[in-house]
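Some notes on the structure that comes next.
In what follows, every chain begins at residue 1, and chains take the letters A, B, ... in the order their sequences are listed.
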Amino acid sequence: MRHQRTKTCGECRLSHVGERVVLNGWIQAVRDHGGLMFIDLRDRYGFTQVVADPTQHAQLAEVGPECVIAVVGTVRARPAEARNANRSTGDIEVAALEIEVLNTTKVPPFEVTDECRTREELRLEHRYIDMRRRPVLAAMELRSRLNFLIRQSMVGQGFMEVETPVLMKTSPEGARDFLVPSRVHPGLAYGLPQSPQLFKQTLMVCGIDKYFQICKCFRDEDLRADRQPEFTQLDMEMSFVRQEDVFAVMEKLMTGVWSELAGSTVTAPFPRMTWDASMTHFGSDKPETRFGLELFDFAERARVSPFKVFSQTMTAPQGTVRGMVVPGGAALPRRVIDESEAVAKSYGMGGLAWVKLGAEGPQGPLSKFLGPEDLAALKSFGANQGDLVVFTAGRFEPALNALGQVRLHYGRELKLIDTKQTHFVWITDFPMFEWNEDEKRFEAKHHMFTAPTEALPPVGGDLSHLKASLYDLVLNGNEIGSGSIRIHQPEVQAQVFAHVGLTPEQAQDKFGWFLRVLEYGAPPHGGIALGIDRIAMILAGATSLRDVIAFPKSASGVCPLTQSPSAPDERQWRELHLRPEA
RNA sequence: GGGGACGUGGCGCAAUUGGUUAGCGCGUCGGCUUGUCACGCCGAAGGUUGCGGGUUCGAGUCCCGUCGUCCUCGCCA
């Protein structure tokens with residue numbers, strides 16, 4: 001490179017007119033008028049129009065879009081009628097004195113334009129071209145600013161950033177671990193962290209008091225639009241705190257982030273809602289609270305209903321019948337109702353019971369089962385003439401969850417969600433355990449290190465009603481963080497291990513080291529982890545995590561750019577004492 | 001592991017009920033062009049319709065299988 005830039009492509013203004021400058025960048029577009037040529041030069045900072053006489057610069061014959069050039073030239077004001085108000089540099093142009101071709105390019109597989117509508121697979125395969133596009137670049141910048149604001153806020157609030165190992169001990173509970181086989185120790189493996197949970201708790205015992213880290217976490221499970229195998233968390237933990245202290249730190253962080261990056265004011269404290277209330281009213285543990293359509297409990301009437309699905313469900317274990325009023329829904333076409341039934345079915349329901357309260361009385365499959373007392377009950381739940389009422393029947397969580405999804409379906413279908421609003425809400429008092437039907441045992445709802453809010457019953461007892469100091473931060477119906485007050489007493493920790501079916505030997509083998517940590521003066525502590533990718537996605541207005549990750553993986557976990565995972569060679573397998581299945 | 005959608009020149013799309021030589025726009029290449037900024041005008045090249053098999057006189061179109069991508073249930077915090 002003979003000519004190194006003295007200005008970026010977003011820098012020159014009328015105040016620079018007359019200056020001799022050097023620009024480096026990519027050719028965005030060439031407009032060749034024969035005796036006069038316009039070149040839009042682009043870098044991260046902007047675009048500058050270069051004007052050249054092709055007869056003076058023979059190299060111009062060999063360059064096209066995405067070639068990299070250096071331009072030596074003079075800044076001059078554009079003629080008044082040729083100014084471009086759409087660009088910050090639109091009042092000036094650089095008249096080329098010399099042009100140096102720094103690199104040519106193959107014909108790009110797609111054009112570098114804002115509204116590029118090529119398929120995502122191709123964009124990710126050529127991410128180095130895709131990221132030159134302004135929307136992608138903007139998402140990366142947003143993320144960078146988010147990370148900076150997080151560090152600024154956390155350090156400002158007295159937290160210390162500590163790095164924890166990525167090669168760590170594999171753990172049996174929760175998501176599947178990515179394994180890293182050991183070369184030195186045949187048959188042994190590290191696990192990549194699902195989160196630095198035990199290390200951050202250990203840091204509390206170390207006396208760090210306030211810890212945070214922006215760290216990569218890994219989970220070897222199937223992917224979704226909002227789930228990648230590796231993702232980034234803001235991980236934090238504090239000593240001598242109750243959950244309100246954790247909330248306050250996060251509220252200060254998030255209100256600051258929102259005012260900086262979303263340009264909107266979010267006020268703290270955020271509303272709090274118990275898990276029971278969230279499930280009961282919204283059919284979800286991550287409620288979208290920007291519209292109504294709250295659910296109601298139809299148990300009383302369902303119990304005595306002639307409709308067998310209702311009455312039989314009420315006699316089954318954990319059986320419940322829940323309903324939801326769709327105001328004005330009696331006018332909805334059958335197609336919309338059928339679609340909502342499909343939603344309920346996809347979430348495990350046999351169907352969706354519904355009734356339209358029309359002018360001539362109840363209509364629909366359920367109407368013949370509804371007596372005057374049922375209709376009075378519906379009225380008490382807010383149903384009026386002209387409304388649609390839908391119901392699910394089943395076990396508590398599936399029935400509520402399915403109806404919650406139906407609620408979201410109607411919220412979107414009827415455009416009830418005010419997307420201009422930002423609703424943070426804390427969900428608190430989660431159940432400590434949940435029953436795993438496949439394995440016939442209780443397992444931790446969050447993880448095994450969450451503190452119960454009351455004394456644990458003897459092993460073998462019913463754990464289904466136990467609550468924990470466990471909380472989620474929910475934003476516009478997205479779970480963006482999850483945390484808890486932790487167990488800091490080794491006896492309690494040992495009890496929890498026993499409750500989830502770990503023998504003392506297994507507990508010792510997997511977590512003995514951590515039980516010992518707790519035995520040496522562990523302070524009461526708690527914390528939370530926020531999903532930075534998801535927060536960035538919401539701030540960017542994106543619908544996929546891939547839009548805010550520089551080099552994301554496809555739904556099957558493949559990196560489109562590098563084609564990982566790939567086959568290690570024979571020697572690599574051998575060194576790890578492994579052999580692939582043929 | 002299950003369900004759904006998609007796969008056609010480099011890119012985005014079209015092709016009626018299975019029927020002629022698979023079209024259009026962008027890009028690319030060549031020519032013209034001194035005030036454009038999605039420059040314009042003229043011309044040209046570019047296709048094993050993801051892959052494999054089948055049905056048929058005939059398949060981009062129908063059937064079976066397979067691969068890939070996306071969405072999703074399960075799974076996962």
For this session: Using a heavy-atom cut-off of under 4.0 Å over every strand shown, decide if Arg76(A) touches base, sugar-phosphate, or nothing.
Result: base
For this session: Looking at every strand, decide which applies to Glu115(A) at a 4.0 Å heavy-atom threshold: base, sugar-phosphate, or nothing.
Result: nothing
Exercise. What about the rings of Phe38(A) and His33(A), do their centers lie closer together than 6.0 Å?
Worked result: yes
Problem set entry | Arg127(A): salt bridge (Lys or Arg N to Asp or Glu O under 4.0 Å) partners, not counting sequence neighbours | Asp130(A)
Exercise. Should rG58(B) form a Watson-Crick or G-U wobble pair with both distances under 3.5 Å, which nucleotide is its partner?
Worked result: none
Exercise. What residues in residues 45-73 of chain A put a non-hydrogen atom under 4.0 Å from any atom of RNA chain B?
Worked result: Gln49(A), Pro65(A)
Exercise. Would you say rC39(B) has OP1 or OP2 under 4.0 Å from some side-chain N or O of Arg31(A)?
Worked result: yes
For this session: Starting at the 5' end of nucleotides 70-77 of chain B, put B wherever the base has a protein heavy atom under 4.0 Å, S where only the sugar-phosphate does, and a dash everywhere else.
Result: SSSBBBBB
Exercise. May Phe110(A) be described as stacking on the base of rC11(B), applying a 5.5 Å centroid limit and a 30° limit on plane angle?
Worked result: no
Exercise. Taking the six-membered ring for Trp, is the centroid-to-centroid distance between Phe270(A) and Phe247(A) below 6.0 Å?
Worked result: no
Exercise. Under the 5.5 Å and 30° test, is His33(A) stacked on the base of rU36(B)?
Worked result: no
For this session: Assign Pro79(A) to base, sugar-phosphate, or nothing according to its heavy-atom contacts below 4.0 angstrom with the strands shown.
Result: base
For this session: Under 4.0 Å between any heavy atoms, over every strand shown, what does Asn86(A) touch: base, sugar-phosphate, or nothing? Just pick one.
Result: nothing
Just distance, no hydrogens or angles: give the donor-acceptor pairs under 3.5 Å from side chains in residues 526-546 of chain A, sequence neighbours left out.
{"residue": "Asp533(A)", "atom": "OD1", "partner": "Thr232(A)", "partner atom": "N", "Å": "2.7"}
{"residue": "Asp533(A)", "atom": "OD2", "partner": "Arg143(A)", "partner atom": "NH1", "Å": "3.1"}
{"residue": "Asp533(A)", "atom": "OD2", "partner": "Arg143(A)", "partner atom": "NH2", "Å": "3.2"}
{"residue": "Arg534(A)", "atom": "NE", "partner": "Asp226(A)", "partner atom": "O", "Å": "3.3"}
{"residue": "Arg534(A)", "atom": "NH1", "partner": "Glu479(A)", "partner atom": "O", "Å": "3.0"}
{"residue": "Arg534(A)", "atom": "NH2", "partner": "Asp226(A)", "partner atom": "O", "Å": "3.2"}
{"residue": "Ser544(A)", "atom": "OG", "partner": "Arg546(A)", "partner atom": "N", "Å": "3.1"}
{"residue": "Arg546(A)", "atom": "NE", "partner": "Glu120(A)", "partner atom": "OE1", "Å": "3.1"}
{"residue": "Arg546(A)", "atom": "NE", "partner": "Glu120(A)", "partner atom": "OE2", "Å": "2.8"}
{"residue": "Arg546(A)", "atom": "NH2", "partner": "Glu120(A)", "partner atom": "OE1", "Å": "3.2"}

Problem set entry | Basic-acidic side-chain contact under 4.0 Å: Glu66(A), Lys106(A) | no
For this session: Pick the P atom in rU61(B) and in rU20(B), then give their distance to the nearest Å.
Result: 14 Å
Seminar exercise, completed: The complete set of side chain to side chain donor-acceptor pair (under 3.5 Å) pairs with one or both residues in residues 69-84 of chain A, sequence neighbours excluded, reads Arg76(A)-Glu93(A)
For this session: Using a 4.0 Å heavy-atom cut-off, write out nucleotides 43-49 of chain B from 5' to 3' as B (base contacted by protein), S (sugar-phosphate only) or - (no contact).
Result: -------
For this session: Determine whether more than 12 heavy atoms belonging to other residues, nucleotides or ligands lie under 6.0 Å from atom CZ of Phe178(A).
Result: yes
